[in-house]
2 protein chains.
Amino acid sequence: MSRARLTDEDARFIEKYRPDAYPRPAVTVDIAVFTVIDARLVTLLIKRNEAPFRNQWALPGGFVRVGTSRKDQGESVDDAAARELREETGLPLDPTYLEQVAAFGKPMRDPRMRVISVAYFALIRPALGSLIHAGTDASHAQWVHVSDLKKRALAFDHESILSACLTRLRERVDNSNAAFALVGETFTIPELRAVHEVVHSQALDAGNFRRRFMRWREDGIIEEAPGKRITASKPATVYRFSQSR
Amino acid sequence: MSRARLTDEDARFIEKYRPDAYPRPAVTVDIAVFTVIDARLVTLLIKRNEAPFRNQWALPGGFVRVGTSRKDQGESVDDAAARELREETGLPLDPTYLEQVAAFGKPMRDPRMRVISVAYFALIRPALGSLIHAGTDASHAQWVHVSDLKKRALAFDHESILSACLTRLRERVDNSNAAFALVGETFTIPELRAVHEVVHSQALDAGNFRRRFMRWREDGIIEEAPGKRITASKPATVYRFSQSR
DNA sequence: GCTATAAAAGTCGATTTGACACTATAAAGA
DNA sequence: TCTTTATAGTGTCAAATCGACTTTTATAGC
């Protein structure tokens, strides 16, 4: 498919176009960041230090930077999500996994003004997860066990957003390569199984999971890595994800 | 989960808040409307009669109506999609199926200004599909065979949007009840099979599809309806979708 | 009535899945 | 050093599912 061309007429029209004719919404991104800490699925919450919902817990996120001219239209929504993630977590590197979930656009979801939010979910490797908490003020950012979320009241409609992100996460762990972003660069079969178990909060048969794993291996999705993982009992074979870009 | 409450402080803050601090994007909805006409999957395209991309084909859609005050924040994005669908198709009733697909937010996707678009796909029953074309100016709205889309250049990034909507449609036909929105209120097994075939553009084994169908029936998703569908050969049993709201 | 056609029903082997038993290998402790 | 314990890794089996295929049945059209 090739995109339709802009005509001279278009160019003239655009030159004259005054974009202030209609009121516009503010657009934000909100990100459900997941990782696994101590064999439990956790998500990052930020304590707001501004009204509205000051001192309440919310998902990390912020406004999409929109440029000030026709030529400079600012950053993409995806880039805004990646940037906010970097800024709020303080992580130097790109997230292992970042995917858009949906736009949330009910009126009055923000009492200040009309705000439409695009939700993302991000996955962080377990080892990095602990860094975030250490780096920032502990009272400002907090990893919260997903199983404890029911007790929490979140700002805005972030409970709905988080719920949608969780559903999407579970779907991706089952049917795509998302789970590999929740283990280390190298991992054992039981480690990967633990991720699946913790995401679905249900135990999986070790033998059956291994069979499934071996099919991924045959399909070239994962490959054996050198070394063995020393555990309290029999050492486990170590693997790595093949599509490491 | 209960939402966090607004405090008095919030109320005072909101009262003083001036929402014009940062530039905002325009937000639109774009809708891929699908139906089946003459046993082929088609989507509705609209010929733009304004710049940019004047006289080019585009997906139906339009701007989300944002209110002018804190109290009146306008319509929800979902409502905007339903409204645009009504307006552009002229159909009096609600669409049988309308689902958000994703937000498209790259800068420069609209040459006039920064526009973020939320994409939806809608499904229309076959009988109603023909009405639309008849009702509007034929040169203005057109049902296009999905298999012929490669040849068409569409305005904006509507080719990407349409492609994402098609992918989602196929996923929903396979794994949810979307297909029932592409047959009549009552339908036969072969009619429903034709929908699956046309969406995936591949023939399905009649016997195996029937077996799958019968499992849906056992699960109470569909139920037998009175009467028989008269065909050129053996009459077919008629069914209906059970969850008719 | 005969024929063509498609709905409807049935068959069969291959594959997948879930539940479970069994074996192998290391650490830990007596 | 021998035994225990834990868990990685292997194997088995029946049930469910799936794809390809055959057979029966009911109707329209000739």
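Chain letters run A, B, ... following the sequence lines, proteins first and then strands; every chain starts at 1. Basis for what follows: all heavy atoms, side chains included, without hydrogens, waters or symmetry-related copies.
- Residues A:A232 and A:I189 each lie close to DNA chain D; by heavy-atom proximity, the contact nearer the 5' end of the strand is made by A:A232.
- Checking the phosphate oxygens (OP1, OP2) of C:dA27, no side-chain nitrogen or oxygen of A:T231 falls inside 4.0 Å.
- Minimum atom distance to the side chain of A:D205 is reached by C:dA19, of the listed C:dA19, C:dA6, D:dC21.
- Side-chain proximity of A:N208 to C:dA26, C:dA8, C:dA19: nearest is C:dA19.
- Looking only at distances, no side-chain donor or acceptor of B:D157 sits under 3.5 Å from a matching main-chain atom of B:S160.
- To the nearest angstrom, P of D:dG19 lies 14 Å from NE2 of B:H196.
- Between A:F180 and A:F241, the angle of the ring planes stays under 30°, which puts this pair in the parallel group of the 30/60° scheme.
- When each of A:P235 and B:T237 is assigned the nucleotide of DNA chain C bearing its nearest heavy atom, the one mapping closer to the 5' terminus is B:T237.
- In this entry the distance linking CD1 of A:I230 with P of C:dT25 reads 14 Å, nearest Å.
- Within residues 209-217 of chain B, the residues that have a heavy atom under 4.0 Å from DNA chain C are, in order of number, B:R210.
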Practice task
Tell me, with the steps shown, if B:E159 and B:R152 meet salt bridge (Lys or Arg N to Asp or Glu O under 4.0 Å).
Solution key: CA-CA 9 Å; B:E159 287 166 17; B:R152 294 250 180 177; over 6 Å; no
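- C:dA19 atom P lies 10 Å from atom CG of A:L204, rounded to whole Å.
- With rounding to whole Å, A:K234 atom NZ is found 5 Å from C:dT25 atom C1'.
- Put simply, the side chain of B:S76 never gets that close to the backbone of A:K106: no donor and acceptor are under 3.5 Å apart.
- Taking the side chain of B:S233 as heavy atoms from C-beta on, and the options C:dA6, D:dG9, C:dA8, the nearest nucleotide is C:dA6.
- One can place CZ of B:R193 at 10 Å from P of C:dA8, the figure rounded to the nearest angstrom.
- A donor-acceptor contact shorter than 3.5 Å is absent between the side chain of B:R168 and the backbone of B:Y120.
- Not one N or O on the side chain of B:R172 forms a donor-acceptor pair closer than 3.5 Å with the backbone of B:A178.
- The heavy-atom pair separating B:K47 from B:N55 by the smallest distance is CE-O, 3.6 Å.
- Within 4.0 Å of B:T188, counting heavy atoms only, lies no atom of the nucleic acid at all.
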